[in-house]
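Have a look at the structure below, then the notes.
Starting from 1, each residue takes its place in the sequence as its number.
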Amino acid sequence: MDTMRERFASVVSRLLDDDPRLAVVLAEIGKDGFTDAARTHPDRVINVGIREQLLIGVGGGLALTGMRPILHTFASFLIERPFEQVKLDFGHQGAGGVLVSAAGSYDWPAGGYTHMAPGDVALLDTLDGWTVHVPGHPDEAETLLRDAAAAGDDSVYVRLSAHSSSAPRNIVPGRFLTVREGRRGVVIAVGPMLDGVLTAVEGLDVTVLYATTVRPFDERAVRATAGAAVGGVDVVLVEPYLAGTSTAAVNDALADRPHRVLGLGIPRRELRRYGTIDEHLAGQGLDPVALRKRISAFLR
């Protein structure tokens, strides 16, 4: 199976052939995936080198000319390092584009903390109007990338990951998918957390919602699921980035109903060792064994 990043390069290369409005802007990272596309479309595959602020500035400039820019590098270099440019060159200018990240929260532990960005989605939450997709499988990444490329002039963030589910789900951009139903609570699994969540809640009487679009938050799905519960409802949110990033969204969705929310994700405490993705999941309390304990302890 190809990775999400490999699927990104192949899908977007084909989209460049079909849509003359699209342009790809790179900051050295990922350039090898676009070698053929750069030969075919030298004016629409732009590598600015290791200049992440310029990456955003060039993308914003292309958007202002009517192009649909697709920008790519590691999340820490795409959102955190050039955040002022994201805020001004896209948000303040009213420009739209597609930001596609890799490496996420713990995808490449050997790269160290400089290549980890668990706060990226929370940081984008300080800006207005961004759509945020978090696929859990390369097939889902393709669906969401195609949707983002065709999304008019909207601003879209697609968070790719090396952490992947074993099989794709039949997702619809912008909607949560009900994977299983229960009565004791609701567990919302975001993107690549789904497999671990399903293992963790095996035998528990809970509903599992699968979220691959987290902004805008699918309040209707949460309310519909909570409506089946008697009395108050318990909601557990399992996100592959900063813990609690979407707890406010759950609270807003259920503001008129008694409820409790547990936000699980990457804590602010740093793991100062390299290791592997699985070791980071265990260290952050996000492996199936730890999730089982934490979810079971929280449910009424």
Side-chain angles (χ1 to χ4, degrees), residues 2-27 29-30 33-34 37 41 44-46 55-56 58-60 62-75 77-79 82 86 89-91 93-104 117 120-121 123-125 127-161 164 168-177 190-192 210-218 240-241:
D2 57 351
T3 66
M4 292 190 201
R5 289 186 71 197
E6 290 168 342
R7 185 70 62 90
F8 159 67
S10 62
V11 167
V12 172
S13 293
R14 293 195 297 271
L15 290 174
L16 286 168
D17 295 334
D18 300 332
D19 189 346
R21 187 169 173 251
L22 295 180
V24 173
V25 189
L26 306 168
I29 301 298
F34 290 93
H41 307 288
R44 291 191 289 129
V45 178
I46 304 165
L55 169 77
I56 302 298
V58 168
L62 287 169
L64 291 175
T65 71
M67 300 291 287
R68 181 69 169 159
I70 300 176
L71 287 60
H72 174 65
T73 186
F74 292 157
F77 306 149
L78 185 65
I79 302 299
V86 174
D89 296 355
F90 280 95
Q93 295 293 334
V98 184
L99 275 57
V100 182
S101 73
D120 56 343
V121 176
L123 194 55
L124 272 184
D125 257 353
L127 304 180
D128 182 42
W130 281 84
T131 294
V132 178
H133 296 311
V134 188
H137 186 276
D139 289 2
E140 298 167 2
E142 177 168 350
T143 297
L144 296 169
L145 286 164
R146 290 183 177 278
D147 184 77
D153 294 316
D154 292 350
S155 294
V156 184
Y157 179 46
V158 184
R159 193 183 203 263
L160 305 182
S161 179
S164 180
R169 299 282 172 164
N170 187 25
I171 64 167
V172 175
R175 302 290 299 274
F176 291 177
L177 177 69
V190 176
Y210 181 40
T212 53
T213 300
V214 294
R215 299 293 182 275
F217 195 79
D218 190 358
Y241 35 79

After noting the C-alpha distance and the side-chain angles of Y157 and D120, does the key distance pass the side-chain contact (heavy atoms from CB on, under 4.5 Å) rule?
CA-CA 10 Å; Y157 179 46; D120 56 343; 2.6 Å; yes

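- The side-chain heavy atoms of R5 and I29, taken from C-beta on, include a pair separated by under 4.5 Å.
- Looking at D153 and R21, a side-chain N of the basic residue comes within less than 4.0 Å of a carboxylate O on the acidic one, giving a salt bridge.
- Counting heavy atoms of neighbouring residues, nucleotides and ligands inside a 6.0 Å radius, atom CG of D18 exceeds 12 of them.
- In this structure, the separation between CZ on F90 and CG on L99 is 5.5 Å, given to the nearest 0.5 Å.
- Within the model, atoms CZ of R146 and CG of L15 stand 5.0 Å from one another, a figure rounded to the nearest 0.5 Å.
- Rounding to the nearest 0.5 angstrom, the gap separating the CZ atom in R159 from the CG atom in L144 is 14.0 Å.
- Nearest heavy atoms, V134 versus P192: CG1-CD, 4.1 Å.
- T131 approaches P216 most closely through the heavy-atom pair OG1-CD, 4.0 Å.
- Counting heavy atoms from C-beta outward, H133 and D147 have side chains that approach closer than 4.5 Å.
- Here the side chain of S155 pairs a donor or acceptor atom with the backbone of A95 at under 3.5 angstrom.
- Minimum interatomic distance between Y210 and G191 (heavy atoms only, all atoms of both residues): CE1-O, 3.2 Å.
- For R169 (side chain) and H137 (main-chain N/O), no donor-acceptor pair under 3.5 Å exists by modelled atom type.
- Between S13 and F34 the shortest side-chain heavy-atom distance falls below 4.5 Å.
- Between the CG atom in L55 and the CG atom in L78 there is a gap of 6.5 Å [rounded to 0.5 Å].
- Shown here are the salt bridge (charged side-chain N to carboxylate O under 4.0 Å, His left out) partners of D19, two or more places apart in sequence or in another chain: there are none.
- A distance of 11.0 Å separates CG in D125 from CZ in F217, rounded to the nearest 0.5 Å.
- The structure places CD of E140 at 8.0 Å from OG of S164, a figure rounded to the nearest 0.5 Å.
- For the pair V172 and L177, the minimum side-chain heavy-atom distance is 4.5 Å or more.
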Verdict with reasoning, T213 to D218, per side-chain contact (heavy atoms from CB on, under 4.5 Å):
CA-CA 8 Å; T213 300; D218 190 358; over 6 Å; no

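- Taking all atoms of both residues into account, the shortest heavy-atom contact from R44 to L22 is NH1-O, 2.8 Å.
- Side-chain atoms of H41 and D17, non-hydrogen and from C-beta on, do get closer than 4.5 Å to each other.
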Run the side-chain contact (heavy atoms from CB on, under 4.5 Å) check on T143 and T212 step by step: do they pass?
CA-CA 10 Å; T143 297; T212 53; over 6 Å; no

Evaluate V24 against H72 for side-chain contact (heavy atoms from CB on, under 4.5 Å), listing each step before the verdict.
CA-CA 8 Å; V24 173; H72 174 65; 5.8 Å; no

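- The two residues A211 and F176 have their closest heavy-atom pair at CB-CE2, 3.4 Å.
- Nearest heavy atoms, T3 versus P138: C-CG, 3.9 Å.
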